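Here's the structure, in structure tokens; my notes come after.
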Amino acid sequence: MKWYNDGLKFKCTGCGQCCTKEPGYVWLSVEEIDAMAAHLGISKEKFIQTYTRSVFGRPSLREDRVNYDCVFLKDNRCQVYHARPTQCRTFPWWKENLSSPESWNEVKKRCEGVDHPEAPVVPLDIIELESSR
């Protein structure tokens, strides 16, 4: 039995806080690179050159070197939202965020959508599906 067996309240508010202020990596698959390049109407090569960096031999999205904003965060909005990577699509349902009530409360400090008053309860089966992607 999971500690969140009864589900968790979450509603994305579009605040952009999950895309800023902390250094990190948004890992990209070939398919995700292709989708974002197509969304932007540029070649895969141009996308890789302009928007990615190699970290440990893997492609990751670039971020601002000062404030750590994702390269696609503009005015707190994702410029590739409909083609965003799986890692972004599945937030906050990452395994490390679900490991304990304490870790969920840590996410709540950075994400206003966690336990938001207007948030629906996301059922266990959806959480499990999203956390397994």
Side-chain angles (χ1 to χ4, degrees):
M1 183 176 204
K2 307 274 185 182
W3 69 266
Y4 51 89
N5 208 50
D6 294 331
L8 294 168
K9 288 183 69 173
F10 175 71
K11 172 187 175 181
C12 180
T13 64
C15 70
Q17 293 303 303
C18 55
C19 309
T20 187
K21 294 187 178 134
E22 292 187 31
Y25 308 111
V26 176
W27 304 111
L28 303 172
S29 69
V30 172
E31 295 80 14
E32 290 167 336
I33 290 170
D34 290 342
M36 287 186 285
H39 179 80
L40 295 170
I42 61 175
S43 71
K44 177 179 179 175
E45 293 74 21
K46 178 73 172 170
F47 179 87
I48 291 169
Q49 178 184 31
T50 307
Y51 299 109
T52 72
R53 59 188 169 148
S54 180
V55 181
F56 310 118
R58 296 175 61 192
S60 177
L61 286 179
R62 291 185 188 269
E63 58 188 22
D64 185 284
R65 292 182 182 165
V66 176
N67 62 16
Y68 304 111
D69 284 1
C70 173
V71 67
F72 290 116
L73 185 66
K74 304 285 186 259
D75 299 321
N76 289 335
R77 296 284 182 248
C78 177
Q79 302 302 297
V80 293
Y81 186 81
H82 296 290
R84 71 195 184 282
T86 300
Q87 183 176 336
C88 302
R89 289 178 187 274
T90 59
F91 181 83
W93 311 119
W94 301 345
K95 290 183 185 349
E96 61 267 25
N97 295 341
L98 298 171
S99 64
S100 68
E102 295 78 21
S103 61
W104 187 248
N105 284 329
E106 284 301 310
V107 175
K108 184 177 178 175
K109 293 176 185 176
R110 300 185 320 268
C111 175
E112 68 185 25
V114 171
D115 293 334
H116 190 278
E118 297 171 14
V121 173
V122 178
L124 177 65
D125 60 332
I126 300 297
I127 295 169
E128 295 289 292
L129 176 66
E130 292 299 315
S131 69
S132 68
R133 293 182 194 247

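Note that the structure is predicted; figures quoted are calculated from it, not measured. Note that these values count all heavy atoms, side chains included, but never hydrogens, waters or copies made by symmetry.
Heavy atoms only, all atoms of each residue included: P92 and V107 are closest at CB-CG1, 4.1 Å. Nearest approach of A35 to A83, heavy atoms of both residues: O-CB, 3.9 Å. When all heavy atoms of T13 and H116 are compared, the closest pair comes out as CG2-CD2, 3.7 Å.
Residues satisfying the ring pair (Phe, Tyr, Trp, His ring centres under 6.0 Å) test with Y25, not counting sequence neighbours, are W27. Under the salt bridge (charged side-chain N to carboxylate O under 4.0 Å, His left out) criterion, R62 pairs with no residue at all, not counting sequence neighbours. Scored by the ring pair (Phe, Tyr, Trp, His ring centres under 6.0 Å) test, Y4 finds no partners at all (sequence neighbours excluded). Evaluation of the side chain to side chain donor-acceptor pair (under 3.5 Å) rule for N67 yields D69 as partners, not counting sequence neighbours. In this structure R58 satisfies the side chain to side chain donor-acceptor pair (under 3.5 Å) test with no other residue, sequence neighbours excluded. By the side chain to side chain donor-acceptor pair (under 3.5 Å) test, K21 pairs with Q17, sequence neighbours left out. Partners of R65 under the side chain to side chain donor-acceptor pair (under 3.5 Å) rule, at least two apart in sequence or in another chain, do not exist in this structure.
V121 and I127 fall into different hydrophobic clusters, where Ile, Leu, Val, Met, Phe, Trp and Tyr are joined by side-chain heavy atoms under 4.5 Å apart, directly or via other members. Linking ILVMFWY residues whenever their side-chain heavy atoms come closer than 4.5 Å, directly or via other members, places F91 and L124 in the same cluster. Side-chain heavy atoms closer than 4.5 Å link hydrophobic residues (I, L, V, M, F, W, Y) into clusters, and following such links, possibly through other members, connects I126 to F10.
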Identify all side-chain donor-acceptor contacts of residues 36-45 below 3.5 Å with residues at least two apart in sequence or on another chain.
| residue | atom | partner | partner atom | Å |
| --- | --- | --- | --- | --- |
| S43 | OG | K46 | N | 2.9 |

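Atom OH of Y68 sits about 7.5 Å away from atom CD of E63, to the nearest 0.5 Å. Atom OH of Y51 and atom CD1 of I33 lie 13.5 Å apart (nearest 0.5 Å). Distance check, rounded to the nearest 0.5 Å: CG of L8 to CH2 of W3 gives 4.5 Å. Atoms CD and SG, from Q79 and C19 in turn, are 11.0 Å apart once rounded to the nearest 0.5 Å.
Residue pairs meeting the salt bridge (Lys or Arg N to Asp or Glu O under 4.0 Å) criterion with at least one partner in residues 120-133, sequence neighbours excluded, are K2-E128, E130-R133. Every pair passing side chain to side chain donor-acceptor pair (under 3.5 Å) that includes a residue from residues 94-106 is listed here, sequence neighbours excluded: T90-W94, S99-S103, S100-E102, S100-S103, E106-K109. Annotation: salt bridge (Lys or Arg N to Asp or Glu O under 4.0 Å) contacts involving residues 73-89, sequence neighbours excluded, are absent.
Side-chain contacts under 4.5 Å among hydrophobic residues (ILVMFWY), followed directly or transitively, place L129 with no other residue at all.
R53 places a side-chain N or O within donor-acceptor distance of the main-chain N or O of L61, the cut-off being under 3.5 Å.
In this structure, the side chains of P120 and K11 come closer than 4.5 Å at one or more pairs of heavy atoms.
Put simply, the residue from P85, C70, P59 that forms a side chain to side chain contact (heavy atoms under 4.5 Å, CB included) with V26 is P85.
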